[in-house]
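Everything numeric in this text was worked out from a predicted model, so none of it was measured.
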Amino acid sequence: MNQSGFSLNKVHGSGGYDSDFSDDEGGGGSSQHGQNRKYEDELMQKPFQQGKHTKVAHRNVAADEWDREEARNRRHHLISMNAFDRHKKFVSDYILYYGGKLEDFKRSMATDKSDLDVVRENHRFLWNDEDEEDMTWEKELAKKYYDKLFKEYCIADLSRYKENKFGFRWRIENEVISGKGQFLCGNKRCEKQEGLKSWEVNFAYVEQGEKRNALVKLRLCPECSFKLNYHHKRKEVKVKKKRRPRDDGDEPQAKKFKSSSHSKKHKRKEKRRHKKRLKEYSSSSSEDSVESDKGDGEGPSESEHWKGPAPATGEKSREEEFDEYFEDMFL
């Protein structure tokens, strides 16, 4: 079979698969084609274009790229947080890396002060010109609060009246609207409305290491008035009623007797005076009759009444009407 059969190596050349398109028999056409392709790629490459990575990247390059990506993600995460959450994260990271306790990072709040604390430290019951010198922002805040107070009536603390110690303060806006201290009892623990009396108190107090005095007004019910006057009586403020001018025809009212013990002596004196008045009346009656006749003659005649309107009598002005209306409210 080896003799009659033909050899495939002789028919197809050197024993491999040959290509009909190759120029050389030895297969040199493929290497030349690769060189031409490489040359064409160099011609088509742009001057700013980077070369292709034909090899695996080094470990340092990969690590740098990883760090850059992590930093970008961390930055976006911090931007999305608020200031307090960001602070807590930094503190926890510090404790994680360097050790320590969370209590070491807490701020001491012993010296913190609110606006109310500042007002309490710099408050004045009454501000003088000397107090307004060298004004700091704390004093300006206290002065601004003082200007908003209503300083006509006071609110009193009578809880320690047996020790003769009282506390007074000015009223705020809500108390003025509700009538506390004027239409309601001025004691801060009393809400009575009936039988209120006005008292004037010389308030002696110590403020900022300095003794001061101030006259203040209070409106108290009878029970709270007893507490105020427990040791000695204060001055009561009463309404001063205005006297209206009397007409000529009005007669003065008779005076009341002060006590029943002097009534008998007074009756005896009245009898003596009555006899004297009868004598004077008899002599003066004739003179009054003459004067009345003269007065009738001097009066306007009937024809003068039709010449114009009657003369206007004295009317009260608007200010006088307001004064009469508010005289019981403001003492």
Side-chain angles (χ1 to χ4, degrees), residues 46-157 159 167-181 184 186-189 191 205-210:
K46 298 178 181 179
F48 57 85
Q49 186 177 359
Q50 297 180 357
K52 296 180 180 179
H53 293 286
T54 57
K55 297 180 181 180
V56 179
H58 195 269
R59 178 183 290 181
N60 295 335
V61 177
D64 294 341
E65 188 66 23
W66 177 265
D67 293 341
R68 195 178 298 109
E69 186 67 22
E70 284 293 325
R72 191 181 298 111
N73 295 336
R74 194 181 299 110
R75 179 173 176 273
H76 288 297
H77 179 64
L78 293 175
I79 290 174
S80 62
M81 300 168 64
N82 55 32
F84 184 67
D85 293 339
R86 196 180 303 121
H87 169 73
K88 290 194 298 183
K89 183 181 183 306
F90 289 154
V91 170
S92 61
D93 292 344
Y94 182 89
I95 295 174
L96 180 63
Y97 294 132
Y98 298 101
K101 297 180 181 179
L102 187 61
E103 288 77 9
D104 299 337
F105 293 89
K106 288 186 178 180
R107 185 175 59 86
S108 176
M109 302 177 65
T111 58
D112 291 352
K113 295 180 181 179
S114 61
D115 293 344
L116 183 59
D117 297 333
V118 174
V119 171
R120 284 176 177 173
E121 290 181 0
N122 298 272
H123 180 67
R124 302 284 192 279
F125 189 75
L126 290 173
W127 282 78
N128 301 329
D129 296 336
E130 298 177 356
D131 297 332
E132 297 183 7
E133 296 178 357
D134 300 332
M135 294 288 286
T136 59
W137 72 269
E138 292 91 348
K139 290 185 178 180
E140 290 178 357
L141 183 62
K143 183 64 168 61
K144 189 174 181 180
Y145 173 78
Y146 172 81
D147 293 338
K148 292 183 179 181
L149 299 175
F150 294 84
K151 308 168 193 65
E152 187 174 0
Y153 294 101
C154 280
I155 303 296
D157 184 5
S159 58
F168 298 100
R169 65 171 177 83
W170 301 118
R171 297 187 298 167
I172 60 176
E173 184 178 2
N174 294 334
E175 292 173 341
V176 174
I177 294 173
S178 63
K180 179 66 176 175
L184 299 175
N187 186 5
K188 70 176 187 179
R189 295 183 179 88
E191 298 293 334
Y205 60 97
V206 178
E207 190 175 64
Q208 302 293 329
E210 182 181 357

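- Within a 6.0 Å sphere centred on CD of E173, other residues, nucleotides and ligands contribute 12 heavy atoms or fewer.
- Listed by chain and number, the residues in a side-chain contact (heavy atoms from CB on, under 4.5 Å) with I79 are R75 (sequence neighbours excluded).
- Residue-environment remark: CG (D134) stays at or below the threshold of 12 foreign heavy atoms within 6.0 Å.
- Among residues two or more places apart in sequence or in another chain, the side chain to side chain donor-acceptor pair (under 3.5 Å) test is passed with E132 by none.
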I'd like a table of donor-acceptor pairs (distance under 3.5 Å, sequence neighbours excluded) in which one partner is a side-chain atom from residues 62-71, with atom names and distances.
from	atom 1	to	atom 2	distance (Å)
E65	OE1	R68	NH1	2.6
E69	OE1	R72	NH1	2.4

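- Between the side chain of K180 and the backbone N or O of N174, no donor-acceptor pair lies under 3.5 Å.
- Checked against side-chain contact (heavy atoms from CB on, under 4.5 Å), H77 has the following partners two or more places apart in sequence or in another chain: S80, M81, K89.
- Under the ring pair (Phe, Tyr, Trp, His ring centres under 6.0 Å) criterion, F90 pairs with no residue, sequence neighbours left out.
- Residues forming a ring pair (Phe, Tyr, Trp, His ring centres under 6.0 Å) with Y98 (at least two apart in sequence, or on another chain): Y94.
- Closest heavy-atom contact between N187 and A156: OD1-O, 3.3 Å.
- For E207, the salt bridge (Lys or Arg N to Asp or Glu O under 4.0 Å) partners two or more places apart in sequence, or in a different chain, are R212.
- Residues that satisfy the side chain to side chain donor-acceptor pair (under 3.5 Å) test with S159, not counting sequence neighbours, are D157.
- With sequence neighbours excluded, no residue forms a side chain to side chain donor-acceptor pair (under 3.5 Å) with E140.
- For R169, the side chain to side chain donor-acceptor pair (under 3.5 Å) test picks out E175, with sequence neighbours left out.
- Under a cut-off of 6.0 angstrom, the local environment of CZ in R86 is crowded, with over 12 non-hydrogen atoms contributed by other residues, nucleotides or ligands.
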List the atom pairs, donor and acceptor, that lie under 3.5 Å between side-chain atoms in residues 122-129 and the rest of the protein, sequence neighbours left out.
from	atom 1	to	atom 2	distance (Å)
N122	ND2	V118	O	2.9
R124	NH1	N122	O	3.3

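- For V176, the side-chain contact (heavy atoms from CB on, under 4.5 Å) partners at least two apart in sequence or on another chain are F150, R171.
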